[in-house]
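Okay, structure first, notes after.
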Amino acid sequence: TDVADLTEELDLLVVMPEAGQWGFYSDWWNGGEGGPPMWETFHLTEVRELLERNWQAGDDRVVAGLSMGGFGAMSYAGRQPELFRAAAAFSGVLNPIAPGFDVDHDLWGSRTEQTDIWEAHDPVILAHALAGMPLYVSYGNGEVGPLDAADAESDDLEAWLSSMNDAFVDRLGELDIPVTVSAYGPGTHTWPYWERGLHEAMPMLLEALGT
């Protein structure tokens, strides 16, 4: 995306650390033994402390991400809401506890035996903790849309994620927690839609930062 150009003139730090191909922004369960990978500890403790020490980062933070990063944004904000002033997700994995999400058992363990760990990371379950925080969510339905290439085909991944996003938005509604939603219909799991979502979310994120 054009995130570098979009933020070049702004008085803020834009931090985009590595998160692993399938890290899912979590300290992995690893059969109950814990240990690496420990993405949540890395991001929310180690990276944060490095930014505060070496770049004079303050306490005003927002979080945003796409796809797995959208999960990270809402899961981190729900797990540690005191760290963030706003959160945004673009085509995010926002309800992994729903059927069909298949990952390494070392991540959160078994769905049935370690349900508490799964629930402790699921943004739908964590939605109550987002009360009072400005939120933005965007997602498509997987059909070929206006920002897709001429030879694009329908996208089952975005269609699947749309049901997760629907569940997240519905849960926020049940809790009377406001959220800005761009459920834009046709659109695949591709960069042009995420860039557009970032542009739409930026005013909310900057206002939350006081920028």
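- Atoms CD and NE2, from E195 and H199 in turn, are 4.5 Å apart once rounded to the nearest 0.5 Å.
- Considering only heavy atoms from C-beta on, H105 stays 4.5 Å or farther from W29 through its side chain.
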Take W55 and V15 through the test side chain to side chain contact (heavy atoms under 4.5 Å, CB included) and record every step on the way to the result. CA-CA 11 Å; W55 283 274; V15 185; over 6 Å; no

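- Counting only heavy atoms from C-beta outward, the side chains of P81 and M133 approach each other to under 4.5 Å.
- Applying the side chain to side chain donor-acceptor pair (under 3.5 Å) test to Y25 and every residue at least two apart in sequence or in another chain returns nothing.
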Does the side chain to side chain contact (heavy atoms under 4.5 Å, CB included) test come out yes or no for L172 and D170, once each step is laid out? CA-CA 5 Å; L172 292 173; D170 289 346; over 6 Å; no

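- Closest non-hydrogen pair, A57 versus L13, comes out as CB-CD1, 3.8 Å.
- For the atom pair D27 CG and I117 CD1, the distance stands at 11.0 Å (nearest 0.5 Å).
- Residues R48 and R61 meet the side-chain proximity criterion, which asks for heavy atoms closer than 4.5 Å.
- Looking at heavy atoms from C-beta onward, P37 lies out of side-chain contact with S26 at the 4.5 angstrom threshold.
- Under the 3.5 Å distance criterion, with hydrogens and angles disregarded, no donor-acceptor pair is assigned to the side chains of N141 and S162.
- Note on M16 and L44: separate hydrophobic clusters, where clusters join Ile, Leu, Val, Met, Phe, Trp and Tyr whose side-chain heavy atoms are under 4.5 Å apart, directly or indirectly.
- Around atom CG of D2, more than 12 heavy atoms belonging to other residues, nucleotides or ligands sit under 6.0 Å away.
- Within the structure, every pair that satisfies the ring pair (Phe, Tyr, Trp, His ring centres under 6.0 Å) test and touches residues 123-173, not counting sequence neighbours, is listed here: F90-Y136.
- Here CG of L205 is found 11.5 Å from OG1 of T7. Values are rounded to the nearest 0.5 Å.
- Side-chain atoms of T1 and W191 form no donor-acceptor pair, as typed in the model, at a separation below 3.5 Å.
- Annotation for E153: atom CD does not count as buried by contact number, only 12 or fewer foreign heavy atoms lying within 6.0 Å.
- The two residues A167 and V124 have their closest heavy-atom pair at C-CG2, 4.1 Å.
- One side chain, H189 or S67, offers a donor N or O that lies under 3.5 Å from an acceptor on the other.
- Cluster membership check: F84 does not share its hydrophobic cluster with M202, using side-chain heavy-atom separations under 4.5 Å among Ile, Leu, Val, Met, Phe, Trp and Tyr.
- I97 is listed as a side-chain neighbour of W118, based on a closest heavy-atom distance under 4.5 Å.
- The number of heavy-atom neighbours closer than 6.0 Å to CG of D11, taken from other residues, nucleotides and ligands shown, is 12 or below.
- Residues A73 and G65 come closest through the heavy atom pair CB-N, 3.9 Å.
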Walk me through whether R171 and D166 qualify under side chain to side chain contact (heavy atoms under 4.5 Å, CB included). CA-CA 9 Å; R171 181 56 181 156; D166 285 340; over 6 Å; no

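- In E207, the CD atom is not crowded: 12 or fewer heavy atoms of neighbouring residues, nucleotides or ligands sit closer than 6.0 Å.
- Contacts of Y184 classified as ring-ring contact (aromatic ring centres under 6.0 Å, His included), with partners at least two apart in sequence or in another chain: Y193.
- In this structure, the side chains of L126 and L130 stay at 4.5 Å or more apart for every pair of heavy atoms.
- With hydrogens and angles disregarded, no donor-acceptor distance shorter than 3.5 Å links the side chain of S75 to the backbone of G72.
- Rounded to the nearest 0.5 angstrom, D148 CG and E143 CD are separated by 11.0 Å.
- For P146 against P186, the heavy-atom pair with the smallest separation is CD-O, 3.9 Å.
- When hydrophobic clusters are built by joining Ile, Leu, Val, Met, Phe, Trp and Tyr residues whose side-chain heavy atoms come closer than 4.5 Å, directly or via intermediates, W22 is grouped together with W39.
- In D59, the CG atom is not crowded: 12 or fewer heavy atoms of neighbouring residues, nucleotides or ligands sit closer than 6.0 Å.
- Closest non-hydrogen pair, L135 versus P178, comes out as CD1-O, 4.0 Å.
- In terms of heavy-atom proximity, V14 sits nearest to L12 at CG2-CD1, 3.2 Å.
- Note that CG of L161 and CZ of F101 are 9.5 Å apart. Values are rounded to the nearest 0.5 Å.
- Under a 3.5 Å cut-off, the side chain of E8 and the backbone N or O of A4 do not form any donor-acceptor pair.
- Atom CD of Q21 has 12 or fewer heavy atoms from other residues, nucleotides or ligands within 6.0 Å.
- The distance between the ring centers of F71 and Y76 does not fall below 6.0 angstrom.
- Side chain to side chain, S91 and E158 meet the donor-acceptor criterion of an N or O pair below 3.5 Å.
- A 4.5 Å side-chain heavy-atom check between N165 and N95 finds every atom pair outside the cut-off.
- To the nearest 0.5 Å, atom CG of residue D122 and atom CG of residue L94 are 8.5 Å apart.
- Both L198 and L209 are assigned to one and the same hydrophobic cluster, defined by single-linkage of ILVMFWY side chains at heavy-atom distances under 4.5 Å.
- Follow the hydrophobic side-chain contacts under 4.5 Å out from V62 and you reach L66 in the same cluster.
- Using a distance-only test at 3.5 Å, with no hydrogens or angles considered, a donor-acceptor pair links the side chain of E18 to the main chain of G20.
- The environment of E82 atom CD is dense: over 12 non-hydrogen atoms of other residues, nucleotides or ligands sit within 6.0 angstrom.
- Counting only heavy atoms from C-beta outward, the side chains of M74 and V137 approach each other to under 4.5 Å.
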When you look at L206 and L10, which way does the side chain to side chain contact (heavy atoms under 4.5 Å, CB included) test go after all the steps? CA-CA 9 Å; L206 293 177; L10 299 175; 3.9 Å; yes

